[in-house]
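Before any comments, here is the structure.
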Amino acid sequence: MTEHTKVDHSMENLDSVEPTTAGPTVLEKSKPRSANMAGNKVECNACPVLCQITEGRTGACDRWGNVDGVLTRVDPVVLMRRLADKNGSGPAVIPNGADAGESGADTGTDTDLFVSGVASGTTYPDYKPAPFIVASKARGVDMVTVVTEGIFSYCSFKVKIDTDRYLGPEQSNIRHKGEIVGHVTTAEYGSQMLSLGGVHHLTGGSKKEGRITCDVMMALGNKQAVELTIDGGAQLVVQAGKAPIVDGQEERRMRVGCGSATIGIFAKQWFGHVDEVIVVDDHITGVLSEHQAGKCLDIPPSGIKMKGRKSTPGRYFQVANPGNGWGGTDIADPLSIIESFDPKVAHAGMRVLITSTTGEHAEYYELDDALQMQRKDMPEVLHKVVERIGENCEPSLCSVMFLGGAGGSLRAGVTENPIWLTNSIKQSLTNVTCGGAPAYIWAGGGITVMVDVMRMPDNSFGYVPTPAIVAPIEFTMSAADYEKLGGHMDMVRSIDDIVKTERHHIIDWYDPASPWPLSTKPMLA
C-alpha cells in the first residue's frame, strides 16, 4: 500500500483477463485538478486519494488505470452463475456470454446470473449513481439490484477462534508487525473472540498503524493467513476456514462443553466404572460425585477436596490460572488442583478419572492405603468414554466476520433520498448481500451489515490508501419498490447489456448454506 497519491502501478492484470470478457470499463475522461500534473496522467476520482496515474499504469488500489488517457476500471466485475443443486433440480448452467433470453433478463423465467459488487467500482465522489443498477427477474417478479463497492472506514473483522488455549487477557492489544490492530474481546463457549480493525486504528493513530491495520483487514477478508501477537498472551496465525495456530501449535479440537456440561453429558457412561471424575476447565471444573448428575445416579461422595471457588454443587471456578495446559488452564499436573481426600469418606482402591474438556488430556488414578493418588493404566471402558469426548468435539476453526457501517456515498448511489433506502431495508423490502453472500442487518439506526467472509467470492476485498477497506455490497428489491424509493431508474441496465459490454468474470455459484441472492429476504435482528 502506498502512503501518497502520485505513485502508479503497471497494468499487468489486464493481460490476465479471460478472452471471453469484454473490454475495460471507461469511467469518464478525467480532468486534471492541478496545472502541474503531467499531460500523460489522469486523476482518478474513484476515492478520496485522487491518484495521478500515468498512461498504461494503475493507481494505488490497482483497480483503476489510465487507458489511452481515460480513467478505466481494469478488474473484471464478478458475476455469479447459478447451477443446479445436488439433486439435479434448479436452473441449467448459464454459459459465458449468455444473451438476454438465456439469462432470463427479458423472459418470464428467473434470472440465473447475478452481478456482484466484487470489482464493480465505487460511487465516490458521492453524488454518482452506483456503477451497476441491474434488472432481473425472481419468481416472475421484475427486480432491480444496485451493485457497488463501499469504501468502509467504519468497519472491522470479528474473529472467532475455536480453542481452549489461553490467548491473552480480555481487552489486551493485538499487534501485527508491532502496530496495534485490535483487541481481545469476551470469550464465548469453546471459542476465543478477537476484534480487529475499526476506524480508530485505521484513522486515529499513526500513518503506519492505519496502513498495517488495513493490510491485516484486507488479508483476513480475502481468506489469507495473518500473524498476530497478543500483549501478555499468545502468538497466533489466523485464517478464515482454517485451524488456528497458537504459539506454533495447530489446534485440533474445540471443547465439547465446560467441565460441568461434560460431567452431565457423560455421567451415565461413567456410572459403575469409576468412583470419581474430574473434568478440568479454565472456567467451570466439574466433579461427578458432587454434581447433580452424580446425585441423580446415586453416586456416593468421594470425599474429594478441590482447590478453587466452589459454585453450585459439583462446579468449581478458578481452580487454576488460564494457560495452555489441561482444559485451558496453566496446569501440567492434574493432581495440583486437588487439596486432599476426607479420610472419613474416601477409601483405598477408590478409582478416579481426570480428563479435559477435549479429551486430549486424561489420566486414571487409584487411591493407595495412605489415600494418595497413584497413576494406573486406564481401563478400556473409561478410555472409550474419553475417546467419545474427543469424538464430540468439533474441529477447531477460525471464523471471520466482516462488520461494516454502510453509510456515506454508497446510499446516494442507490437513491437521492438515502433514508428511504434505510427504511426499505428495515421493512424487509430490500435484501442486502455482500458479494452475493447473505448479510445480517443489525437492529437500530443505519445500515450495519455483518457477513461471513467464507461465503463471499475469493478476493472480494480491496482498499484505498486513505486508508479504508473496499467491500462489495448489493441491494436487491422489486423494480416497483426501487422506483418508489426514488431510485436512479434511468440507469437500470439489463444483464445482457452488462455481459456484452463490460469487462466481467463469471464464477459458478452453488453454496447450500447461502440462498440465491435474488430470492431472499433480509436477515434482520
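Taking every heavy atom of both residues into account, Gly117 and Glu149 meet most closely at O-CG, 2.9 Å. Closest approach of Ser289 and Pro300 over heavy atoms only: CB-O, 3.6 Å. When all heavy atoms are compared, the tightest approach of Met80 to Pro457 is CE-CG, 3.3 Å. Across every non-hydrogen atom of Cys434 and Val449, the tightest pair is SG-CG2, 4.4 Å. Shown here for Glu170 and Thr185, the closest heavy-atom pair between the two residues is CG-O, 3.7 Å.
Aromatic rings from Phe152 and Phe402 are positioned such that their centres are separated by under 6.0 Å. Under the 6.0 Å cut-off for aromatic ring centres, Phe461 and Phe157 qualify, their centroids lying closer than that.
Rounded to the nearest 0.5 angstrom, Lys295 NZ and Ile299 CD1 are separated by 9.5 Å.
Checked by atom type, the side-chain pair Gln249/Arg165 shows a donor-acceptor distance below 3.5 Å. Tyr316 and Glu290 are linked by a side-chain donor-acceptor pair at a separation below 3.5 angstrom, with hydrogens and angles left out of the test. When only modelled atom types and interatomic distance are considered, Thr357 and Asp164 share a side-chain donor-acceptor pair under 3.5 Å. If you check the side chains of Gln235 and Asp247, you find no donor sitting under 3.5 Å from an acceptor. Residues Ser260 and His291 bring a donor and an acceptor atom of their side chains to less than 3.5 Å of each other.
A salt bridge does not link Arg253 with Glu394: every distance from a Lys NZ or Arg NE/NH1/NH2 to an Asp or Glu carboxylate oxygen is 4.0 Å or more. Between Asp458 and Lys223 there is a salt bridge, since a side-chain N of the basic residue sits under 4.0 Å from a carboxylate O of the acidic one. Here Glu227 does not pair with Lys177 in a salt bridge; the nearest charged N to carboxylate O distance is not below 4.0 Å.
Counting only distance, with no hydrogens or angles, the side chain of Glu179 and the backbone of Lys208 share no donor-acceptor pair below 3.5 Å. Although no hydrogens or angles enter the test, the distance criterion places a donor-acceptor pair under 3.5 Å between the side chain of Thr262 and the main chain of Cys258. Between the side chain of Thr213 and the backbone N or O of Glu209, at least one donor-acceptor pair lies under 3.5 Å. At least one donor-acceptor pair under 3.5 Å links the side chain of Asp275 to the backbone N or O of Arg351. Side-chain atoms of Ser116 never come within 3.5 Å of backbone atoms of Pro472 as a donor-acceptor pair (strictly under, hydrogens ignored). In this structure, Asn321 contributes its side chain and Asp330 its backbone to no donor-acceptor pair below 3.5 Å. The main-chain N or O of Val352 is never found under 3.5 Å from a side-chain atom of Glu366 such that the two would form a donor-acceptor pair. No donor-acceptor pair closer than 3.5 Å links the side chain of Asn222 to the backbone N or O of Gln224. Under a 3.5 Å cut-off, the side chain of Glu474 and the backbone N or O of Val432 do not form any donor-acceptor pair. A donor-acceptor pair is defined here as one N or O able to donate and one able to accept, closer than 3.5 Å; no such pair exists between the side chain of Ser191 and the backbone of Glu188.
Within a 6.0 Å sphere centred on NE2 of His347, heavy atoms belonging to other residues, nucleotides or ligands number more than 12. For NZ of Lys307, the number of neighbouring non-hydrogen atoms (other residues, nucleotides, ligands) closer than 6.0 Å is greater than 12. Within a 6.0 Å radius of CZ in Arg388, other residues, nucleotides and ligands contribute 12 heavy atoms or fewer.
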Distance-only donor-acceptor hits, side chain of residues 376-386, under 3.5 Å, sequence neighbours excluded:
residue, atom, partner, partner atom, Å
His383, NE2, Glu387, OE2, 3.3

Tell me which donor-acceptor pairs under 3.5 Å the side chains of residues 333-345 have, and how far apart each pair is, sequence neighbours excluded?
residue, atom, partner, partner atom, Å
Asp333, OD1, Leu335, N, 3.1
Ser336, OG, Asp333, O, 2.7
Asp342, OD1, Lys344, N, 2.9

Yes or no on side chain to side chain donor-acceptor pair (under 3.5 Å) for Asp231 and Ser172, after CA distance, side-chain angles and deciding distance?
CA-CA 6 Å; Asp231 288 359; Ser172 291; over 6 Å; no
Could you walk me through whether Val184 and Ile174 pass the side-chain contact (heavy atoms from CB on, under 4.5 Å) test, one step at a time?
CA-CA 7 Å; Val184 179; Ile174 302 173; 4.2 Å; yes
For side chain to side chain donor-acceptor pair (under 3.5 Å), just list the numbers for Lys158 and Ser156, CA-CA rounded to whole Å, side-chain angles, deciding distance to a tenth of an Å, and then say yes or no.
CA-CA 7 Å; Lys158 309 306 179 189; Ser156 63; 3.2 Å; yes
Go through the steps for Asn417 and Ile419 under the test side-chain contact (heavy atoms from CB on, under 4.5 Å), then give the verdict.
CA-CA 6 Å; Asn417 195 352; Ile419 191 63; 3.3 Å; yes
Under the side chain to side chain donor-acceptor pair (under 3.5 Å) rule, what do Thr163 and Glu251 come out as? Steps first, then yes or no, please.
CA-CA 7 Å; Thr163 180; Glu251 294 296 285; 2.6 Å; yes
Derivation of the salt bridge (charged side-chain N to carboxylate O under 4.0 Å, His left out) call for Glu360 and Arg252
CA-CA 10 Å; Glu360 292 173 291; Arg252 296 191 304 125; 3.5 Å; yes
Would Thr145 and Thr476 count as a side chain to side chain donor-acceptor pair (under 3.5 Å) here? Give the steps.
CA-CA 4 Å; Thr145 300; Thr476 300; 2.9 Å; yes
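Looking at Asp281, Ile284, Ile263 one by one, the single match for side chain to side chain contact (heavy atoms under 4.5 Å, CB included) with Arg315 turns out to be Ile284. Among the candidates Thr433, Leu79, Val78, Val147, the single residue satisfying the side chain to side chain contact (heavy atoms under 4.5 Å, CB included) test with Phe114 is Thr433.
Counting heavy atoms from C-beta outward, Glu363 and Arg375 have side chains that approach closer than 4.5 Å. The shortest distance between side-chain heavy atoms of Thr285 and Met306 falls below 4.5 Å.
Between Trp270 and Phe266, the angle of the ring planes lies from 30° to 60°, which puts this pair in the tilted group.
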